[in-house]
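Hydrogens, waters and symmetry mates play no part in the numbers below; they use all other heavy atoms, side chains included. Bear in mind that the values here come from a model prediction, so they are computed numbers and not experimental data.
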Amino acid sequence: MRIGPAALADPQAVTFAQARALAADDDVRCVDGEVATAMRRAIDAAKEAGDTVGGTVEVIAHGVPPGLGSHVQWDRKLDGRLAQAMMSIPAIKAVGIGRGADVGALPGSRVHDEILLAPDGGSGTVPGIQRPTNSAGGLEGGVTNGEDVRVTAVMKPISTLMKPLRSVDLATMTESAAAIERSDVCAVPAAAVVGEAMVALVLANAVLEKFGGDTLAEIDAACRRFAASLHARLAPQPERA
């Protein structure tokens, strides 16, 4: 989403299919070619200046069933558990769900996602329902709502600089420049890979809590039964003559 000053204009416009289509060896993991080039330039400029650069990553989970998590207990709210998992990654200083911090500057009419009938099956994993937007990032009240789960994490620049900042030598209690060590310039693309793993672990635990089972076959069968019950409850009914 962002490396230094180079950023996507509207991260919410990025689809799961676009993110999934990124090559495994993509160096900045950005879906927009022009922005990716700007990101590389930002990294090169920081390296030339003996500096480092941070940024923002987003993880998108597709096909997540509704109802994972809980609205009852604070420590079982799935958005809270995802935020904690992402914040546990070194150098991550902020986490957002869906539109994240942007919601603080927008009116409710532009933040809350409308719920519409969808005779064609819907856009998420809830039959008969579609949402034109996903500002909530797939989570409402601590529970998944069937839309893509979208989690962002903000990473600070690496602290080791080639032009060290001022510091103090604790042995002599005198002013001293910080030590110079070998360091990367930007670890944001690597943080995206770690973030993806953390989100997957949290969602996997939530799936086990809801569906149980000792084998993948049992879990899959429970998921299918749940999906069938949702379809029976919410799918559009044929009109009576």
Side-chain angles (χ1 to χ4, degrees), residues 1-2 11-12 14 16 19 54-115 122-127 129-156 188 191-214 218-220 222-223 225-227 229-230 233-234:
M1 292 174 56
R2 171 183 291 276
Q12 284 277 306
V14 178
F16 174 79
T56 304
V57 301
E58 182 178 35
V59 178
I60 306 173
H62 183 67
V64 180
L68 302 185
S70 174
H71 66 278
V72 177
Q73 296 174 234
W74 67 270
D75 57 342
R76 292 180 60 198
K77 288 170 63 71
L78 194 55
D79 44 5
R81 290 156 64 182
L82 286 166
Q84 192 278 333
M86 295 295 273
M87 282 291 285
S88 72
I89 302 171
I92 298 301
K93 305 302 289 183
V95 176
I97 307 292
R99 286 199 175 276
D102 290 346
V103 300
L106 298 171
S109 57
R110 292 182 57 194
V111 171
H112 300 297
D113 303 308
E114 293 182 303
I115 304 173
S123 57
T125 56
V126 180
I129 296 296
Q130 66 180 5
R131 294 170 182 254
T133 59
N134 187 20
S135 297
L139 286 149
E140 293 174 299
V143 180
T144 55
N145 62 14
E147 298 297 310
D148 287 351
V149 172
R150 304 181 72 115
V151 186
T152 60
V154 182
M155 186 181 200
K156 70 175 183 178
V188 174
V193 179
V194 180
E196 186 178 66
M198 296 304 291
V199 169
L201 286 170
V202 173
L203 292 180
N205 283 332
V207 166
L208 288 176
E209 289 173 359
K210 184 170 182 65
F211 298 109
D214 297 318
E218 289 178 332
I219 298 169
D220 181 64
C223 288
R225 287 194 297 271
F226 178 72
S229 68
L230 278 181
R233 168 67 178 81
L234 299 175

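- Val154 places none of its side-chain heavy atoms less than 4.5 Å from the side chain of Ile92.
- Screening Leu78, Val149, Asn205 for a side chain to side chain contact (heavy atoms under 4.5 Å, CB included) with Leu68, the sole residue that qualifies is Leu78.
- Separation of atoms CG (Asp148) and CZ (Phe16) is listed at 7.5 Å; rounding is to 0.5 Å.
- Atom CE of Met86 is separated from atom CE of Met198 by 8.5 Å, given to the nearest 0.5 angstrom.
- Checking side-chain atoms of Thr144 against main-chain N and O of Gly138 turns up no donor-acceptor pair under 3.5 Å.
- Side-chain N or O atoms of Thr152 include none that pairs as donor or acceptor with a backbone N or O of Val95 at under 3.5 Å.
- A distance of 7.5 Å separates CG of Asp113 from CD of Glu147, quoted to the nearest 0.5 Å.
- For the pair Glu218 (side chain) and Asp214 (backbone), a donor-acceptor distance under 3.5 Å is present.
- Checking each of Glu58, His62, Arg99 against Arg150 for a side chain to side chain contact (heavy atoms under 4.5 Å, CB included) leaves exactly one that passes, namely Glu58.
- Formation of a donor-acceptor pair under 3.5 Å by the Ser70 side chain with backbone atoms of Val72 is found in this model.
- A 4.5 Å side-chain heavy-atom check between Pro66 and Thr125 finds at least one atom pair inside the cut-off.
- Shown here is Glu114, whose CD atom has no more than 12 heavy atoms of other residues, nucleotides or ligands within 6.0 Å.
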Under the side-chain contact (heavy atoms from CB on, under 4.5 Å) rule, what do Val59 and Leu82 come out as? Steps first, then yes or no, please. CA-CA 11 Å; Val59 178; Leu82 286 166; over 6 Å; no
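- The heavy-atom pair separating Val126 from Gly146 by the smallest distance is CG2-CA, 4.1 Å.
- Taking a 6.0 Å sphere around CD of Glu196, one finds it holds 12 or fewer heavy atoms contributed by other residues, nucleotides or ligands.
- Side-chain polar atoms of Glu140 and Asn145 form a donor-acceptor pair below 3.5 angstrom.
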I would like to know whether Arg131 and Ile115 meet side-chain contact (heavy atoms from CB on, under 4.5 Å); could you show each step before the answer? CA-CA 5 Å; Arg131 294 170 182 254; Ile115 304 173; 3.5 Å; yes
